[in-house]
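I have a structure here, written as structure tokens, and I will follow up with some questions on it.
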Amino acid sequence: SLVYQKIHPYNQQKIELGYEDDSFIAVFSISNVTQLESYSFYYRLMPLKETWIKAGAQSNAIFTNLRPGEYTLEIRAVDKWQNSLPIKKI
């Protein structure tokens, strides 16, 4: 089944999905930041993907057909001057 999860990467610690939840959508946002539109989000789901993927204009990521196990979702926000906030691991 598909799980929709809004993630505040710099406040969130852990996401737990049930065994039957093999897909989820993560929507990224940052609290306490002015001009959120100045940031782009990049993500990767370890150990499945080691390269960074730029989130689209919707600032989200869709993961499907995940096998049961433990994964680490890494998210980074980069502003228009290429300054990166610390990488968040969930």
Side-chain angles (χ1 to χ4, degrees):
S1 66
L2 179 65
V3 174
Y4 176 85
Q5 176 78 42
K6 186 165 186 177
I7 296 174
H8 296 276
Y10 295 93
N11 296 332
Q12 191 102 13
Q13 298 299 316
K14 188 174 186 179
I15 300 169
E16 290 191 37
L17 303 175
Y19 181 81
E20 69 283 354
D21 299 325
D22 65 348
S23 303
F24 74 97
I25 299 171
V27 180
F28 312 128
S29 67
I30 306 173
S31 301
N32 301 325
V33 172
T34 59
Q35 298 181 337
L36 181 60
E37 65 277 356
S38 297
Y39 284 85
S40 296
F41 289 98
Y42 295 82
Y43 66 91
R44 61 186 178 186
L45 189 63
M46 300 295 285
L48 291 181
K49 193 75 169 173
E50 293 199 18
T51 58
W52 289 100
I53 301 166
K54 184 175 182 180
Q58 302 294 327
S59 296
N60 65 23
I62 301 172
F63 303 97
T64 59
N65 300 317
L66 296 172
R67 292 188 174 147
E70 291 193 18
Y71 300 92
T72 301
L73 177 59
E74 296 183 349
I75 305 161
R76 67 180 177 155
V78 179
D79 68 17
K80 61 185 175 183
W81 299 282
Q82 300 304 308
N83 298 310
S84 182
L85 293 176
I87 294 170
K88 176 62 180 182
K89 296 180 181 184
I90 301 172

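Any value given below was found using the heavy atoms of this structure, including those in side chains, with hydrogens, waters and symmetry copies removed.
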request  = May I ask you to decide if Glu74's main-chain N or O and Arg44's side chain share a donor-acceptor pair within less than 3.5 Å?
outcome  =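 Side chain of Arg44 to backbone of Glu74: no pair is present.
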
key: Cluster overlap Ile53 with Phe24, hydrophobic side-chain contacts below 4.5 Å   =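 Cluster IDs for Ile53 and Phe24 match.
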
Could you tabulate the donor-acceptor pairs under 3.5 Å formed by side-chain atoms of residues 66-73, not counting sequence neighbours?
unit_1: Tyr71; atom_1: OH; unit_2: Arg67; atom_2: N; d: 3.4
unit_1: Tyr71; atom_1: OH; unit_2: Arg67; atom_2: O; d: 2.7

ask   = In terms of hydrophobic clusters joined by side-chain contacts under 4.5 Å, are Leu48 and Ile75 together?
value = yes

task = Find the distance between CD1 (Ile25) and CD1 (Ile62) and round it off to the nearest 0.5 Å.
result =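 The CD1 atom of Ile25 sits 5.0 Å away from the CD1 atom of Ile62.
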
request  = Mind listing the closest non-hydrogen atom pair of Phe41 and Ser59 along with its distance?
outcome  = CD1-OG, 3.6 Å

ask   = When rounded to the nearest 0.5 angstrom, what is the spacing between CZ in Arg76 and OH in Tyr43?
value =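 Here the interatomic distance stands at 13.0 Å.
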
ask   = Under a single-linkage definition using a 4.5 Å side-chain heavy-atom cutoff for Ile, Leu, Val, Met, Phe, Trp and Tyr, are Ile87 and Val78 assigned to the same hydrophobic cluster?
value =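 In one cluster with Ile87: Val78, yes.
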
task = Could you list the residues that satisfy side chain to side chain contact (heavy atoms under 4.5 Å, CB included) with Asn83, not counting sequence neighbours?
result =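 Result, side chain to side chain contact (heavy atoms under 4.5 Å, CB included) vs Asn83: Asp79, Trp81.
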
